[in-house]
Amino acid sequence: MSKRATGIVSTALLTVLLAQGLLFALLTTAPGDAVDLMSPSSAARPALEEALGLQGSAGQRLLRHLGNLATGDLGMSVGVAPGRSVGSLIAGPVASSAALGLVALFLTIAAAWLAVVFDGRRVAAVRLVALLPAFLLAHILVGSTNAAVWWGVQADWWSRPAWFALPDVDHSLRDALAIALLAAASGMWAEASDDVSTAWQTFGSAPFVEAARARRESIRGMAIHHMGLATIELAARRVPWLLGSLLVVERVLLIPGAGALTWKAAELRDVPVVLALGLAAATATALATALASGARAAIDPRLGP
Amino acid sequence: MRILRGMLSVAALLAAFGASGGQLRYAEDRAPGIVSPLFATTMAEVRINELVFEGLYTDDAELRSVPDLAVRHEFAADKSSLLVHLRPNVVWHDGTPFSASDVVFTYEAMKHPKTASPESGRVAFVAGVERVDDLAVRFTFVKPEISPWDRLHFKILPAHRFDGNPEVARQHPFRQAPVGTGPYRVEAFQEDGSISLVRFEGHRQAPPIPAVVMREITDKAYQAKLLIYESIEALVRVLPRDLAMLQADARVALAPYQTHSWWYVGMDLGHPGFAKPEVREALSLLVDAAALLAPIGTGEVVSGPFVPSSPFYNHDVAAVSPDAARAAALLRSAGWTHDGRTWSVDGKPVRLRLATAANIEVAQDVVINLQAQLARHGIAVDPEFLGPAEWKRRVWGDRDFDLVLSQWTFDRNEDIYEQFHTKGTRNFFGYTDPEVDGLLDAARAATDPIVKKAQLRKAHAAIAADHPMVFLWTLDSYAAFSRKIEGVDVHPFSFFTWVNRWTMP
């Protein structure tokens with residue numbers, strides 16, 4: 001493995017480990033734990049702590065967690081589904097959220113490019129709406145869609161659709177709404193299109209581009225090279241934002257994904273579940289960053305192996 | 001996208017929830033984490049346990065104890081033991097016959113220190129349970145009891161699913177496959193948190209509605225709307241702000257029910273300021289409970305720790321009427337000073353932290369109005385909305401608050417010992433009064449219900465005179481149902497106790 005590849009992998013691993021430590025510290029300092037929520041008598045606390053694996057100091061628990069992690073053991077849920085293995089609990093939600101997130105990321109990038117290409121008043125108006133927070137936009141869309149459809153159903157204008165009422169029914173329309181919100185709302189689209197626009201302007205005013213233009217040479221190859229890399233780096237930067245948005249969007253749209261599960265687990269002080277989901281999120285972020293660094297190293301001839 | 005989601009068995013979920021098809025769907029804010037009466041800590045868990053499990057006794061429509069898994073009993077003349085004869089021909093959802101061993105096992109599991117059941121207090125009055133024969137058990141009590149059947153409502157568990165070992169861990173497979181004798185059996189735990197139940201055909205009174213689905217709808221703002229849109233058929237508790245909307249809808253019926261629940265503003269009695277009775281009384285006089293209640297719903301202002309419909313409520317004690325002038329006089333006598341705008345103690349303006357559990361319905365409205373009321377009288381209040389774990393730790397554990405806004409909900413026994421006795425496990429305010437302790441001890445020891453009633457009414461008066469908290473109100477509660485459901489009668493605590501009578505043509 002080259003020195004640069006080793007550096008990328010080490011950074012990724014360090015990111016994941018630091019994220020676990022930070023998350024653990026946050027959860028430990030937050031008031032209350034899973035035992036508090038079970039309202040036991042103080043006499044029952046030691047037995048419950050032992051049963052839930054919460055005995056020992058914070059440092060001991062962190063070391064125990066990291067040790068288990070090294071063997072692939074994510075532990076046992078202590079709040080969301082007490083007694084259930086964390087691996088089985090989070091597998092479905094993580095897969096679901098990963099699918100939503102990947103599609104949303106692709107859409108963000110595509111929409112950012114389109115916004116740059118088709119710049120105009122209409123795009124500006126849609127951009128303005130997309131600046132609204134995801135939760136607010138979700139409530140407005142769900143409320144207005146439901147009200148309009150129900151009105152039509154009551155007036156016998158149409159029959160009740162299979163997806164009605166949002167967001168109660170698990171339907172592709174609900175997924176589509178979630179993807180649109182993830183891709184655009186809370187300024188996601190606006191920031192991405194700004195990034196693309198900035199990258200395009202930077203490229204356009206670069207001395208080597210101006211020199212090529214002066215020589216009347218084609219800049220297509222340079223554009224693909226430069227903007228391709230910028231797009232990959234933009235996608236990598238968007239991943240943490242997307243993961244944050246999943247927390248809100250999934251909760252508001254009642255989607256049983258990793259975001260909604262993280263929220264619930266944090267409320268119930270289900271430390272093993274939050275840590276496992278944090279691990280998945282940190283891994284996704286580190287992977288995206290590593291991929292972007294790898295792509296830059298591969299594409300940019302100025303960076304050595 | 002559907003292909004990707006298909007990996008997660010979405011199709012199965014759609015099949016389950018796409019249409020009501022003779023199923024009763026009801027909404028909970030949070031799905032039960034565990035379906036086992038041994039570990040029930042939330043009302044959502046109490047409600048689903050009511051569908052799946054049964055106790056020896058249950059409530060009839062008049063809330064009197066009637067046999068359920070029991071058929072009859074013989075009460076010892078000295079009131080220290082009870083021989084309970086069990087219902088024959090009862091089977092568990094897996095077909096195994098129910099027997100006395102299950103009752104003995106349940107008691108032992110609840111009491112076992114390693115099980116650490118939060119429900120262990122329910123059998124604290126029982127000294128032992130002995131199997132007499134396959135269909136009879138004898139309970140012996142710690143001290144003579146008045147009507148022990150009123151306290152034998154806890155749910156019975158199947159001993160055979162635990163190999164008879166009363167040390168039950170939370171991770172026991174039972175949590176994924178609960179088995180009861182109740183009218184519904186658990187069919188599936190869905191990935192979205194929902195739980196599907198189907199009618200237990202082997203039940204002696206199999207309910208008319210073939211299936212029940214508990215839907216986890218975390219956002220309360222959606223619940224009432226989903227009932228109107230016929231996406232669910234029942235709402236356990238209607239938010240006051242949704243009442244008018246549901247009342248106006250012809251497809252929805254409201255079912256009022258009386259809970260043993262009352263709201264209060266509690267004080268940290270360890271706080272030097274609240275040690276003085278004048279200060280506590282003054283605070284009661286500064287709070288206009290009726291004005292706080294009006295924006296959030298209807299109900300009745302209470303004068304003490306019972307609801308007015310309770311036999312223990314002392315109607316001779318009047319609810320506190322706001323009186324700013326008298327409050328000011330009391331505060332001055334306690335050494336507080338007023339500069340025309342704010343109250344101060346030892347030269348420092350009074351500033352109180354008011355903690356509230358964030359999940360209490362309409363708490364925000366009450367807190368804002370209470371803050372405004374006290375601010376008008378020169379007392380600044382800093383509200384804090386706490387998540388469930390933070391609430392338990394800071395309020396119950398660390399007593400890290402000045403004031404708390406909360407409510408107590410009681411079962412049919414309305415036992416306030418834990419809240420107001422010096423040794424009470426829920427007395428996180430630090431209230432202590434020898435007279436009240438004596439009255440509560442006497443009420444617990446009473447073998448005559450009339451004596452118990454008299455002691456608790458005296459306790460009501462003594463507590464009200466002491467002002468350990470500002471007693472607020474009992475709120476009218478409403479469940480809401482689709483009119484497709486008929487014969488609905490809801491139990492004030494367990495909700496589904498009479499589900500056998502509900503029909504869905």
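Numbered from 1 within each chain, the chains take letters A, B, ... in sequence-line order.
- Interface check for chain B: of the options A:Leu261, A:Val149, A:Asp270, A:Leu268, the most heavy-atom pairs under 4.5 Å are formed by A:Leu268.
- Heavy atoms closer than 4.5 Å to chain A are found in the side chain of B:Tyr222, but not in its backbone.
- Checking side-chain atoms of B:Glu418 against main-chain N and O of B:Thr425 turns up a donor-acceptor pair under 3.5 Å.
- The environment of A:Glu50 atom CD is sparse: at most 12 non-hydrogen atoms of other residues, nucleotides or ligands sit within 6.0 angstrom.
- Chain A forms the most heavy-atom pairs under 4.5 Å with one residue out of B:Thr42, B:Asp400, B:Leu386, B:Ile217, and that residue is B:Ile217.
- The 12-atom threshold is exceeded at CH2 of A:Trp158, counting heavy atoms of other residues, nucleotides or ligands nearer than 6.0 Å.
- For residues 76-86 of chain A, heavy-atom neighbours of chain B at less than 4.5 Å comprise A:Met76, A:Gly79, A:Val80, A:Ala81, A:Pro82, A:Gly83, A:Arg84, sorted by residue number.
- When each of B:Ile228, B:Thr115, B:Asp398 is checked for heavy-atom pairs under 4.5 Å with chain A, B:Ile228 comes out on top.
- Per-residue heavy-atom pair counts under 4.5 Å with chain A were compared for B:Glu216, B:Glu119, B:Arg251, and the maximum is reached by B:Arg251.
- Atom CD in B:Glu28 sits 8.0 Å away from atom CD in B:Gln223 (nearest 0.5 Å).
- Of the atoms belonging to B:Pro388, heavy atoms from both backbone and side chain fall under 4.5 Å from chain A.
- Interface remark: A:Arg251 contributes backbone and side-chain atoms alike to the contact with chain B (heavy atom separation under 4.5 Å).
- Looking at residues two or more places apart in sequence or on another chain, you find no salt bridge (Lys or Arg N to Asp or Glu O under 4.0 Å) involving B:Asp219.
- When every heavy atom of B:Leu157 is checked against every heavy atom of B:Ser36, the shortest pair comes out as CD2-OG, 4.5 Å.
- Here the CH2 atom belonging to A:Trp163 is positioned 12.5 Å from the CG atom belonging to A:Asp168, to the nearest 0.5 angstrom.
- Residue A:Ala147 touches chain B through both its backbone and its side chain, counting heavy-atom pairs closer than 4.5 Å.
- For the residue pair B:Ser482/B:Glu230, the side-chain donor-acceptor check at 3.5 Å is not satisfied.
- Residue contact with chain B, scored on non-hydrogen atoms closer than 4.5 Å, is absent for A:Val153.
- Using modelled atom types and a 3.5 Å distance limit, the side chains of A:Thr71 and A:Asp73 yield no donor-acceptor pair.
- Looking only at distances, no side-chain donor or acceptor of B:Arg122 sits under 3.5 Å from a matching main-chain atom of B:Met110.
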